[in-house]
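Have a look at the structure below before the remarks.
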Amino acid sequence: SYYAGNFEASEADQLARIPVANTHMWQVLQSKEVFVCSQLEPERYNKPIQVELYRMGMRSYVLVPVIDQDDVIGCFNLGSRQSHRFGQREIEICRLVANHLAVAIKNSRIYHELKEAYENLKNSQETLIQSEKLRTLGEMTSGVVHDFNNLLATILGRTQILLQKLDTVEMPNKETCLKSLKAMEKAAQDGSHLLSQISQFGKVKAEFNLEPV
């Protein structure tokens with residue numbers, strides 16, 4: 001589509017829509033040559049776009065290809081409300097502008113490519129750091145679980161020994177002591193089970209395809 005002028009967003013749908021193949025801009029993109037219309041005259045129209053340009057007040061215009069390494073990456077268009085405004089001098093100036101545009105567009109592309117590469121590298125580094133943190137945390141968790149399991153094993157072992165001794169001994173408040181020791185035993189067992197679950201954190205679970213042999 002070809003749009004020209006400063007339009008409000010609400011007016012966009014009312015603009016003329018002309019297939020690009022029916023414009024001289026398409027001809028410029030294909031031939032890589034400058035196109036100059038010195039005078040727009042109603043009786044000499046040969047492209048639909050010229051009707052629209054004349055209606056908008058244009059009387060002459062020039063189209064210059066923007067080329068980067070032999071590839072056309074755009075078209076620089078300049079129009080005038082007066083006829084015969086684009087001679088050889090103006091065409092050369094437009095060529096220079098188009099060359100500068102090509103360099104600017106190329107630099108912009110390189111900048112965005114470098115920025116994207118930097119962002120990807122930054123994300124990869126952050127992912128690697130996060131992965132290393134999780135690995136370290138997993139190792140630390142494993143060590144803490146081991147130490148706590150040793151403590152709980154001591155508590156559980158002593159509690160079970162006391163339960164065995166109290167079971168064969170008569171003493172005041174025996175039931176109360178047995179109840180308290182059993183509560184301690186259960187708490188130690190629950191704690192050991194919880195630590196077993198925590199120890200799985202950070203471990204990579206290998207998946208095996210098991211077959212009978």
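Keep in mind it's a predicted model, so treat the numbers as computed, not measured.
- Among all heavy-atom pairs drawn from Phe86 and Leu78, the shortest one is CZ-O, 3.5 Å.
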Let's go through Arg95 and Glu92 carefully: what are the C-alpha distance in whole Å and the side-chain angles of both, what is the deciding distance for salt bridge (charged side-chain N to carboxylate O under 4.0 Å, His left out) to 0.1 Å, and is it a yes or a no? CA-CA 5 Å; Arg95 286 182 187 273; Glu92 289 303 318; 3.7 Å; yes
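- Summarising the geometry of Arg59 relative to Gln82, their closest heavy-atom pair is CB-C, 3.7 Å, with the distance given to 0.1 Å.
- Heavy atoms of other residues, nucleotides or ligands lying less than 6.0 angstrom from CZ of Arg85 number 12 at most.
- For the pair Arg109/Ile73, a side-chain contact is recorded, criterion being any heavy-atom separation below 4.5 Å from C-beta on.
- Between Cys75 and Val66, every side-chain heavy-atom pair lies at or beyond the 4.5 Å cut-off.
- Counting only heavy atoms from C-beta outward, the side chains of Asp190 and Leu194 never approach each other to under 4.5 Å.
- Atom CG of Asp70 sits about 3.5 Å away from atom NZ of Lys32, to the nearest 0.5 Å.
- Although no hydrogens or angles enter the test, the distance criterion places a donor-acceptor pair under 3.5 Å between the side chain of Thr136 and the main chain of Glu132.
- Judged purely by atom type and a 3.5 angstrom limit, Arg81 uses its side chain to pair as donor or acceptor with the backbone of Met56.
- Side chain of Ser180 to main chain of Thr176: a donor-acceptor pair is present (N/O by atom type, distance under 3.5 Å, no hydrogens or angles).
- Looking only at side-chain heavy atoms (C-beta outward), Glu90 and Val62 stay at 4.5 Å or farther from each other.
- When only modelled atom types and interatomic distance are considered, Gln164 and Gln160 share no side-chain donor-acceptor pair under 3.5 Å.
- Within 6.0 Å of atom CD in Glu116, 12 or fewer heavy atoms from other residues, nucleotides or ligands are found, so the atom counts as exposed in its surroundings.
- Between Ala98 and Pro65, the shortest heavy-atom contact is CB-O, 3.7 Å.
- Side-chain contact check for Glu33 versus Val28: every heavy-atom pair is 4.5 Å or farther apart.
- Using a 30° and 60° split on the angle between ring planes, Phe35 and His24 fall in the parallel class, below 30°.
- When all heavy atoms of Leu63 and Met25 are compared, the pair lying nearest together is CD1-N, 3.5 Å.
- Using a 4.5 Å heavy-atom threshold, the side chains of Asp68 and Ile105 count as separate.
- The CG atom of Leu121 sits 8.0 Å away from atom OH of Tyr118, with the distance rounded to the nearest 0.5 Å.
- The closest donor-acceptor contact from the side chain of Ser83 to the backbone of Ser60 lies at 3.5 Å or more, if one exists at all.
- Between the Ser124 side chain and the Asn120 main chain, a donor and an acceptor come within less than 3.5 Å of each other.
- Taking 4.5 Å as the limit, some side-chain heavy atom of Glu126 sits within range of a side-chain heavy atom of Asn123.
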